[in-house]
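What follows is a set of notes on a single structure, which appears directly below.
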Amino acid sequence: MNFLYINYPSWIHPQIFPGIKFLGLLRWYGLMYVFAFGTAYWVLSKLFKEGALDSPSQATASTPAGKASEDDVFSFIATGIVFLLIGARVFSTLIYDTTGLYWKKPWLIFWPFDAAGNFTGLAGMSYHGGFIGGLIGMIVWCRVHKKPFWKWCDAMCIAIPLGYTFGRLGNFLNGELYGRITTAPWGMVFPAAEKFSASKSWVIDFAQKIGMDIAEKNLVNLPRHPSQLYEALFEGVILWSILWLMRKHKKFDGQLGLSYACGYGFFRFFIEYFREPDADIGYRIAKDATAPLYTNTSLLNFSTGQILCFLMVAGSVITMVILGIRSKHKYETNN
């Protein structure tokens, strides 16, 4: 019988050097953040060399030609990263955590140790919180340095998706944020996923479809969509490719940044149908509030991520229309 699923590789561990004292603190997820920021800086540097950040109309005494400098690029992305990390952590702890701990003890938001004093790092980051934090950081930097926000936002949003790919690969290496159960041949058995009773009829039928032997098992770990890889592909590589091809054809400043927000929201909204919502949160809006989270029973059951993505798409489309109208009016006025 052919097995129609994949076992999560046993050699993958969250730690880069598992079992080695001190080095065991180094995790793939953290390393992926380094790769993500490094990749984003590399892309932004290429855009800088293409002149995408130059603003002749914004000339100053120190930069009479309105040209950006390498220091500007580094300072801009460093500011964005700091605000992104703050936003991602705050959003994760205050919005996604349901215990109420961080509302009662906000100083723990950035405390990297558990109650026993063991180093845990800042486990838990929210993309949408990072998006809001990074956006605020870019606005602050542009106001302080008197740079045109939408032009710099366009460049940054071209750089983000390729770096974001590494973030989702980090989730995969952590064996977290996996999807719902599936009979697809690329379905993967994640060790930390919820297990089901082997005596249930639906579990027996499911196992037969994928050629899984559960005869001598009490609990069964069923294959799931590797939704982290779906996101890495669509929200990362494909979205970056689209924006990269668009970069020299934009009609007005802000078009690329808003296209990123719209594109990410669109892809993520639909991928959420394959990704299992957080068990302690479940669905925010649901046709059937009692529906199980491990399988998709209705397209009208919406997760927290889908609601936030819908707001991203709606907000970016409205803003793009406004900027497009303003750009057209300005062009007609000058001509």
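Numbering of residues begins at 1 and proceeds along the displayed sequence. Just so it is clear, the values below take in all heavy atoms, side chains as well, and ignore hydrogens, waters and symmetry mates.
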Taking the six-membered ring for Trp, are the ring centroids of [X] and [Y] within less than 6.0 Å of each other?
X: Tyr230; Y: Phe234; value: no
X: Tyr294; Y: Phe196; value: yes
X: Tyr264; Y: Tyr164; value: yes

Quiz item: Ile139: what forms a side chain to side chain contact (heavy atoms under 4.5 Å, CB included) with it, not counting sequence neighbours?
Solution: Leu135, Arg143, Phe149
Practice problem: Tell me whether Phe74 is reachable from Phe83 by hopping between hydrophobic residues (I, L, V, M, F, W, Y) whose side-chain heavy atoms are closer than 4.5 Å. | Solution: yes
Quiz item: Can you tell me if CZ on Phe252 sees more than 12 non-hydrogen neighbours from other groups inside 6.0 Å?
Solution: yes
Quiz item: Do other residues, nucleotides or ligands put more than 12 heavy atoms under 6.0 Å from the CG atom of Asp205?
Solution: yes
Do any N or O atoms from the side chain of [X] and from the backbone of [Y] form a donor-acceptor pair under 3.5 angstrom?
X: Asp253; Y: Trp150; value: no
X: His329; Y: Ile325; value: no
X: Glu231; Y: Gly236; value: no
X: Asn301; Y: Lys287; value: yes
X: Gln306; Y: Phe269; value: yes

Quiz item: Between Thr304 and Arg284, is a side-chain hydrogen bond (donor to acceptor under 3.5 Å, both in side chains) present by the stated rule, with each step listed?
Solution: CA-CA 6 Å; Thr304 302; Arg284 293 290 189 179; 2.6 Å; yes
What are the two closest heavy atoms between [X] and [Y], and how far apart are they?
X: Lys147; Y: Trp152; value: CB-NE1, 3.6 Å
X: Tyr5; Y: Val189; value: CD1-CG2, 3.8 Å
X: Arg168; Y: Arg268; value: NH2-NH1, 3.6 Å

Quiz item: Are the charged groups of Glu50 and Lys46 less than 4.0 angstrom apart, N to O?
Solution: no
